[in-house]
Amino acid sequence: MLTVNEIFYSIQGESTRAGRPCVFVRLTACDLRCSWCDTSYAFHEGARRSLDDVLADVDRYRCSLVEITGGEPLLQDDVYPLMERLLARGRTVMLETGGHRPITRVPKAVVKIVDVKCPGSGEADRNEWRNLDALQPHDEVKFVIRDRADYEFARDVVGRYDLPSRSAAVLLSPVHGVLEPRLLSEWMLADGMAARLQLQLHKYIWPPDTRGV
Ligand code: SF4
């Protein structure tokens, strides 16, 4: 059983797969409280559903790309059989995780998008640094950047862990409506950052607070 906040079909707004149609499975609950969190409705809202029921819902969309997100999806033990069963159906499975829970049990074929929390989130002391040693070449690492201090923190971590050589992409995502993408772009260009600017595409397609997109 899983506690599921929502299952929906939309345009992938983040990661190197941004722009692709994708089915999202958003699981309920998170043990962090990032200052800029845009999915706080997933902290408590949700319904208990069987794996079979969740899979049947995902199957309705006939979409090859599926993302499991939250909340924090690794809080629920049945997320592991869910990922296995989606892979067995031939889906490309992405997992978006806050980066504070170990990723070692995640099936190897799953593309993990692993956050590193910056100081502006208020949760930087919760980072599980060993996750950066468990990355596979197809995984991606995401930093949400609120201000210059967050950017400098991210720049330091990217260099210290040599993240560009350990992952498929390093994503720098400005907090929507707080940090101008232009400013972050200029900082990245000035430093020649081996990273990718990530704008949350869905917030440009639909009003930023729209749910289920
Ligand atoms: S980890 Fe994700 S869901 Fe949890 S508080 Fe942070 S942004 Fe929100």
Side-chain angles (χ1 to χ4, degrees), residues 2-8 10 12-15 17-18 22-47 54 66-80 82-83 93-106 110-132 134-135 139-147 149-151 153-154 157 167 169-179 181 184 197-203 206 208-213:
L2 286 164
T3 307
V4 179
N5 176 264
E6 57 183 353
I7 296 175
F8 60 95
S10 187
Q12 175 59 261
E14 305 192 20
S15 83
R17 289 167 178 79
C22 181
V23 179
F24 294 82
V25 178
R26 186 183 307 286
L27 300 184
T28 300
C30 186
D31 52 346
L32 297 187
R33 290 293 180 269
C34 302
S35 61
W36 34 254
C37 180
D38 55 4
T39 51
S40 55
Y41 54 86
F43 292 165
H44 303 294
E45 291 174 21
V54 170
V66 180
E67 175 173 302
I68 303 172
T69 186
E72 172 48 58
L74 295 183
L75 288 175
Q76 299 190 49
D77 237 29
D78 274 354
V79 73
Y80 297 100
L82 174 65
M83 290 186 278
V93 181
M94 300 171 69
L95 172 81
E96 176 110 20
T97 175
H100 58 297
R101 315 284 305 182
I103 57 173
T104 42
R105 281 180 64 197
V106 177
V110 169
V111 176
K112 298 180 288 296
I113 314 297
V114 181
D115 281 9
V116 174
K117 299 299 184 192
C118 296
S121 70
E123 296 286 13
D125 58 338
R126 299 287 302 277
N127 285 317
E128 173 52 88
W129 296 107
R130 285 173 293 191
N131 278 344
L132 300 182
L135 292 169
D139 292 335
E140 304 181 12
V141 185
K142 182 176 86 177
F143 297 82
V144 178
I145 309 289
R146 179 175 202 138
D147 53 22
D150 277 1
Y151 170 74
F153 174 89
V157 172
S167 63
V170 175
L171 311 165
L172 301 191
S173 183
V175 177
H176 190 87
V178 175
L179 177 61
L184 178 54
L197 176 73
Q198 171 178 282
L199 303 181
Q200 292 174 294
L201 196 55
H202 50 290
K203 293 189 177 175
W206 293 281
D209 53 354
T210 309
R211 286 174 57 167
V213 295

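What you see below is based on every heavy atom in this structure, not just the backbone, and it leaves out hydrogens, waters and symmetry mates. Both ligands and their constituent atoms are indexed starting at 1 by order of listing.
Remark: ligand 1 atoms within the under-4.0 Å shell around heavy atoms of Cys37 are 3 (S), 5 (S), 7 (S), 8 (Fe). Listed by number with element, the atoms of ligand 1 under 4.0 Å from a non-hydrogen atom of Gly71 are 3 (S). Of all the atoms in ligand 1, the ones that sit under 4.0 Å from a non-hydrogen atom of Thr39 are 3 (S).
A donor-acceptor pair is defined here as one N or O able to donate and one able to accept, closer than 3.5 Å; such a pair exists between the side chain of Asp150 and the backbone of Arg146.
Protein heavy atom closest to atom 6 (Fe) of ligand 1, with residue, atom name and distance, is Cys34 SG, 2.4 Å. The protein heavy atom nearest to atom 7 (S) of ligand 1 is Trp36 CZ3, 3.6 Å.
Geometrically, Arg33 engages Phe43 in a cation-pi contact, judged by NZ or CZ lying under 6.0 Å from the ring centre and within 45° of the ring axis.
Residue contacts with ligand 1 include Lys117, since one or more of its heavy atoms lies under 4.0 Å from the ligand. Contact annotation: Arg33 has at least one heavy atom less than 4.0 Å from an atom of ligand 1.
In terms of heavy atoms, Asn131 sits closest to His100 at ND2-N, 4.4 Å. Here the shortest heavy-atom pairing between Pro73 and Glu96 reads CG-O, 3.2 Å.
Donor-acceptor pairing under 3.5 Å is recorded for the side chains of Glu72 and Thr97.
Contact annotation: Cys30 places no N, O or S atom under 2.8 Å from atom 6 (Fe) of ligand 1.
Using a cut-off of 4.0 Å between Lys/Arg side-chain N and Asp/Glu carboxylate O, Glu140 and Arg17 are scored as salt-bridged.
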